[in-house]
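Data first, discussion second: the structure below is written as structure tokens.
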Amino acid sequence: MGLRDYLRVARRHWWLPLISVVLAFGVALIVTLNTTPVYAARVTFFFSTPLASVSELYGASMFNASRLATYAKLLTSDEVCDPLAETPGVDLDAQQVRKAISAETLPDTVMMEVSVADRDRDRALLLITRLTNHFKNAVEELERPSPTEPSAVKVTVVSGPALDEDPIAPNPVRNFALAIIAGLVVGAVGAVSRELADRTIRTAEALQVLASAPVLTSVPIDEGSLFGSPSASALTEALRAVRTRVQCAAASDSVKTLAVTSAVPGEGRSTTACGLALLFAEAGQRVLVVDAELRRPRLAAFLGREGSAGLSGVLDGTAALEQVLQPWGAGLWLLAGGRTPPNPSELLSSPRMTKLVDDVRRRFDVVIFDCPPLLPVTDAAVVAARTDGTLLVVRARRTTSAEVTGAIRALDAVNATLLGCVLNMVTRKGPDAMPNYDSYLAGPKPPSRGRGGWRMQAVA
């Protein structure tokens, strides 16, 4: 994935990091509010060696620096912790006292900062005070060559013992910062994982690569009915693009019969078929739209015509074509599906279907078959094999790549000609949105009158 892909993922799944950050922030808030405060008391020791002369200064300094790690271990030894645990008012055992003590040597110095952490402010101050005395005496006694000689190391308190004003835990700023970072990381991982797991078709580029066929148009989500859409809307212009490409193909390859199908139900193929039929009729051609969905016919109800008699009657020999053709507006006729037969696939693959296709090809300029989906049944493949070309309707953000691949294989199995794909119901908002030309399609605005008289509005 490139930078653009990651930016597209961020725009598409921006809510995942947001939810993760909010949840992590809430957890951090709960933890902070329910954590008992811990207080720290500190003291700083300076270690020096009595010098006989100035020339011994460097050696004494190196001696003290090398022993600071030993003194840090001494802080948590039984020599120091046992007396502290026995101090009245401490009420801790030696192991608890040992855990409360921490030491840090200051770099490039012979100083050490010692801290004691406890949930009780007073006990923390009591421990650091008693620790100061016990530790100082323990070091000087251990560094004394003999009982009668002075100690080789002198321990001096240069800071403290003192209690910090604010508790060291919980640290709200640190907790909330970690929560934000953790939320962003978890949200980003979730967004990328969701993107990688999403196998739906979102863009025309992805569909074209997958289908190895041109994407004739991207049809936006239409909030109203096709028949209620204005003549210059994004929906009708998208379908006009399909009509233009089919007309160009017809000029060179004699494409008169067209099958409109999809991989699975609910992808908008019937709307696409009706829209194309209306636009071909609008261009002055004699158009027939055939409801080849014999299992669930719907074009008659869609166009407001009688659906009890139609294609199934012609194929089983109970009706003639002239008896079931229904005019719908100027230049457009409907052949409804008729009654649902028990054997739709057999009827659609019968010689009568071949004869019907040849007959309507002679009578009309354009014949559009609204076919069933390809994957559930074989009906659409049977019809597509008898037409001059096929349009595959794919619903954006719903049809998966596996379903498109299966549909292409079904068409290839019957040697059907795939003219191209139609990416349907493309969102008007978000990273996958198609360009919005509604303001241009609406036409120029009338001139408005300003203070100085009539002024013309700029038209893009």
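All figures in this text were calculated on a predicted structure; none of them were measured in a lab. All residue numbers in this chain count up from 1 along the given sequence.
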*What residue pairs, at least two apart or across chains, pass side-chain hydrogen bond (donor to acceptor under 3.5 Å, both in side chains) with a residue in residues 19-40?*
Thr32-Asn175

_Please report the interatomic distance CZ(Phe45) to NZ(Lys154), rounded to the nearest 0.5 Å._
14.0 Å

*Which residue pairs pass the ring-ring contact (aromatic ring centres under 6.0 Å, His included) test when at least one of the two sits in residues 378-402, sequence neighbours left out?*
none

*If you measure from CG on Asp82 to NE2 on His134, what distance do you get to the nearest 0.5 Å?*
10.5 Å

*Closest heavy-atom contact between Cys274 and Phe302?*
SG-CD2, 3.5 Å

*Do the rings of Phe135 and Tyr71 sit parallel, tilted or perpendicular, given the 30° and 60° boundaries?*
perpendicular

*Mind checking the CG-OG1 spacing from Leu375 to Thr261? Nearest 0.5 Å is all I need.*
8.5 Å

*Show the numbers, then the answer: is there a side-chain contact (heavy atoms from CB on, under 4.5 Å) between Thr109 and Phe46?*
CA-CA 9 Å; Thr109 70; Phe46 177 84; over 6 Å; no

*So, for Ala273 and Asp370, which heavy atoms are closest and what is the spacing to 0.1 Å?*
CB-CB, 4.1 Å

*Reported CD1-to-CH2 distance for the pair Ile19 and Trp14, which is rounded to 0.5 angstrom*: 8.0 Å

*Would you indicate whether the side-chain heavy atoms of Leu279 and Val242 approach each other to under 4.5 Å?*
no

*Could I get the full list of side-chain hydrogen bond (donor to acceptor under 3.5 Å, both in side chains) partners for Arg243, not counting sequence neighbours?*
none

_Surrounding CZ of Arg144 (heavy atoms of other residues, nucleotides or ligands, distance under 6.0 Å), is the total greater than 12?_
yes

*Provide the full list of side-chain hydrogen bond (donor to acceptor under 3.5 Å, both in side chains) pairs with a residue in residues 158-171, sequence neighbours left out, each pair given once.*
Arg42-Asp164

*So, for Ser262 and Arg269, which heavy atoms are closest and what is the spacing to 0.1 Å?*
OG-CD, 3.7 Å

*Taking atom CZ of Arg119 as the centre, report whether more than 12 heavy atoms of other residues, nucleotides or ligands fall under 6.0 Å from it.*
no

*Kindly say whether Thr400 contributes a backbone atom to a donor-acceptor pair with the side chain of Glu403 at under 3.5 angstrom?*
yes

*asked:* A side-chain contact here means heavy atoms from C-beta on lying under 4.5 Å apart; do Leu258 and Val366 qualify?
replied: no

*So, for Leu392 and Ala263, which heavy atoms are closest and what is the spacing to 0.1 Å?*
CD1-N, 4.0 Å

*Looking only at heavy atoms, what is the nearest atom pair of Ala292 and Pro372, with distance?*
O-CD, 3.6 Å

*Does the Ser77 side chain pair with the main chain of Leu74, one donor and one acceptor, at a distance under 3.5 Å?*
yes

*What do the steps show when you test Asp379 against Cys371 for side-chain contact (heavy atoms from CB on, under 4.5 Å), and what is the final call?*
CA-CA 7 Å; Asp379 302 7; Cys371 300; over 6 Å; no

*Check whether more than 12 heavy atoms from other residues, nucleotides or ligands sit under 6.0 Å from atom CZ of Phe176, and answer yes or no.*
yes

_Side chain to side chain, Val110 and Ser48, heavy atoms closer than 4.5 Å_ = no

*Do Ser345 and Arg295 have side-chain heavy atoms sitting under 4.5 Å apart?*
yes

*Counting distance only, does the side-chain N/O of Glu143 pair as donor-acceptor with the main-chain N or O of Ser151 below 3.5 Å?*
no

*Specify the closest pair of heavy atoms between Ile201 and Ser401, including all atoms of both residues, with the distance to one decimal.*
CD1-CA, 4.0 Å

Taking only distance into account, with no hydrogens and no angle test, what donor-acceptor pairs under 3.5 Å do side-chain atoms of residues 91-101 form with protein atoms, sequence neighbours excluded?
| from | atom 1 | to | atom 2 | distance (Å) |
| --- | --- | --- | --- | --- |
| Asp93 | OD1 | Gln95 | N | 3.2 |
| Asp93 | OD1 | Gln96 | N | 2.7 |
| Gln95 | OE1 | Arg98 | NH1 | 3.0 |
| Gln96 | OE1 | Asp93 | N | 3.1 |
| Arg98 | NE | Thr76 | O | 2.7 |
| Arg98 | NH2 | Asp78 | OD1 | 2.6 |

*How long is the span from the CZ atom in Arg123 to the CG atom in Asp118, to the nearest 0.5 Å?*
4.0 Å

_Which residues pass the salt bridge (Lys or Arg N to Asp or Glu O under 4.0 Å) test with Glu79, not counting sequence neighbours?_
none

_Taking Asp291 first and then Arg298, would you say they form a salt bridge - that is, a charged N and a carboxylate O separated by under 4.0 Å?_
no

*May I have the step-by-step check of side-chain contact (heavy atoms from CB on, under 4.5 Å) for Val43 and Leu131, ending in yes or no?*
CA-CA 9 Å; Val43 64; Leu131 174 64; 5.6 Å; no

*Would a 4.5 Å heavy-atom cut-off, applied to side chains only, mark Arg240 and Thr236 as touching?*
yes

*Any donor and acceptor pair, going by atom type alone, linking the side chain of Thr378 with main-chain N or O of Ala381 inside 3.5 Å?*
no

*Do Thr105 and Met112 have side chains that get closer than 4.5 Å, going by heavy atoms?*
yes

*Go through Leu276 and Leu391 one step at a time and tell me if the side-chain contact (heavy atoms from CB on, under 4.5 Å) criterion holds.*
CA-CA 11 Å; Leu276 284 175; Leu391 289 182; 3.5 Å; yes

*Distance, nearest 0.5 Å, that separates CZ of Arg130 from CD of Glu86*: 12.0 Å

*Taking the side chain as C-beta and beyond, is there a heavy-atom pair between Leu210 and Thr405 under 4.5 Å?*
yes

*Side chains of Val90 and Leu84: does their closest heavy-atom pair fall under 4.5 Å?*
no

